[in-house]
Number of protein chains: 2
Amino acid sequence: MTLAEHLSRPFSHWMAGEGADADVVVSTRVRLARNLRGYPFPEYLREDMAQRLLDQVSAAVEVLGAEWDVYRLGEVDPVDCRVLVEKHLISPQHAQERRFRGIALNSSESGSIMINEEDHLRIQVLEPGLGVDTALAGASAAEGALGGRLDFAFDEEKGYLSACPTNVGTGLRVSVMLHLPALTLTGQAPRVWVALRKLGIAVRGLYGEGTDAAGDLFQISNQITLGPSEAEIAAGLVQVTRQVVEQERHARGLLITESRQEIADRVGRAYGVLRHAHLISAEEAMRLLSDVRLGVESGLLDRPERQKLNELLVVTLPGYLDRNAGRPLGRKERWALRAQWIRERVA
Amino acid sequence: MTLAEHLSRPFSHWMAGEGADADVVVSTRVRLARNLRGYPFPEYLREDMAQRLLDQVSAAVEVLGAEWDVYRLGEVDPVDCRVLVEKHLISPQHAQERRFRGIALNSSESGSIMINEEDHLRIQVLEPGLGVDTALAGASAAEGALGGRLDFAFDEEKGYLSACPTNVGTGLRVSVMLHLPALTLTGQAPRVWVALRKLGIAVRGLYGEGTDAAGDLFQISNQITLGPSEAEIAAGLVQVTRQVVEQERHARGLLITESRQEIADRVGRAYGVLRHAHLISAEEAMRLLSDVRLGVESGLLDRPERQKLNELLVVTLPGYLDRNAGRPLGRKERWALRAQWIRERVA
């Protein structure tokens, strides 16, 4: 599959709107950090070694089957890289310094491997809904297969070595993207974050570390990678996630019973504006899409379906808009194109 | 026709959305003030004389034919009186002090006669669009027919006498209701008002003297009633109105060519909110209906049609909502019912 094919379609496997607890959990990501023995971590890699490592990993990816392709970011346009970030297939950091970096992708985009990001390999699997077990199984299978071709740096005591100490051990990060409009609207979110942090759970914005939460979407993930087993880490995050899901559902229920008209008004107005606006910023779109999602999940609106809402999280972003317009858009052009796409898709 | 029949339907003849220049001129009103010889003006009428005058005028109205009925405001519920005001069939002042006052109405509501308002009779005809000639002919015909039964106070020098000196002479007031969103939006409206006032034209709000302009709707009318003939007064107001209409059309044209996306966005959002909101204030409804009307008249929206927009000016008002709910509504109930009716009607 060509990279252009990946980039021109909005859909990614994680957007399917399926899976457990999909009324609150948009998607699940499992990531395994791995490094190759005999190479410094990417930050300290000389260019010739970085190139060699990229070649070596690219060749190894063949073991994963014909579903997978490797793309070298040095040959990829910056706008295309931005779309990969917007689709959550690579990190913002990976898109910034593209030389000697790569990404392996399978055709459904459920699996992606960043090469020469902070670690030599970051194997990630994205699933719709709360799909930690499936995602972990997928990531472990890919890691196992690649491990037959690559010599991962492993220490009997510390486990898998990684560039950042917070990833040493299992190299595992499990994160879920949660839609928490009711906890936000009722002002309960900050209290929930405090509780989560005490449990060793990190709360982050939409594109990971250092990014803002937008559209009431948050990512929560395990902080600790060393000590517990992969299964324990995964189970812990699932347990915490289910508690947050229940709190969000409870808050939604209260809103609907105690402020039904106000909520119907809020989600109706959001739908009406998205359906009929001709100029819209990314920030406003995210905010209104959150209201519409709450409306759909609460039965106050009968459309659009979850998958369309998930796709709208991506197609309304600058990179995707610019790429599909075929050129860098001015601010107003972009607002107009965004509004046009939203009008067509929320109908 | 019973008063209840008049009050339960939103439609009045003036809302038809027809007539000349209906893209800017919502409606035309012609009013003739008349007083009966041998009676003090209403303000100074003793109760028994007020009653006698009401009886006498009510009997005289029979000459206008079976289309006409007289209703005594003393027997009319205050909420029903409020609806008569909202439909522009009586003045706010007439609804306030209801004893010994009456209203004669024809079935289409094109004609109404207030009895014992500021003058003994205020004969008015309402037409859709710029229909000054038709309205004046209708009012004059009614006045002539009533004059065969009633002895109107007339002075060879001053003309028809009236309670307020500003109505002496012809007793004629011609007023047009104009929708001027583009002059308002572009900030030109104040300059237009200054010019109109220099020409002896009064600019008033939606319900006449002392009321606010809402929804970019304004009433302009002649100030001078003594001196020029009725035909001259009418022709003068038509001429001035046509100038304002041209200015508004020019301003709309500029907006559409120079800020098409912004205007499309504005009217689209207004439509979307009206189509999907669940709680809405009268003020916001008026504001958004103005934007939607601009959108329809500019070809940016293909619905709702003018008549529905005119009806919405009335059905969203407190009196009409309360009356049709069958009880006085609380604020939030009224906002909800208003939103419901608008949702149904703008679709």
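Fair warning: this is a prediction, and the values are worked out from it, not measured in the lab. So you know, we letter chains A, B, ... as the sequences are listed, proteins then strands, and number each from 1.
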| field | Arg9(A) atom CZ, neighbour heavy-atom count above 12 within 6.0 Å | value | yes
| Does atom CZ of Arg266(A) have more than 12 heavy-atom neighbours from other groups under 6.0 Å away? | no
| Side-chain (Asp265(B)) to main-chain (Leu279(A)) donor-acceptor, under 3.5 angstrom | yes
| note | Rounded to the nearest 0.5 Å, the CZ atom of Arg260(A) sits from the NE2 atom of His278(B) at a distance of 9.0 Å
| request: Check the pair Glu333(A) / Gln261(B) against side-chain contact (heavy atoms from CB on, under 4.5 Å), numbers first and verdict last. | output: CA-CA 10 Å; Glu333(A) 286 180 307; Gln261(B) 283 182 316; over 6 Å; no
| query | Can you say whether Ile280(B) sits under 4.5 Å from chain A via the side chain, the backbone, both, or neither, judging by heavy atoms? | reply | both
| message | When you compare the side chain of Arg269(B) with that of Arg269(A), does any pair of heavy atoms fall below 4.5 Å? | response | no
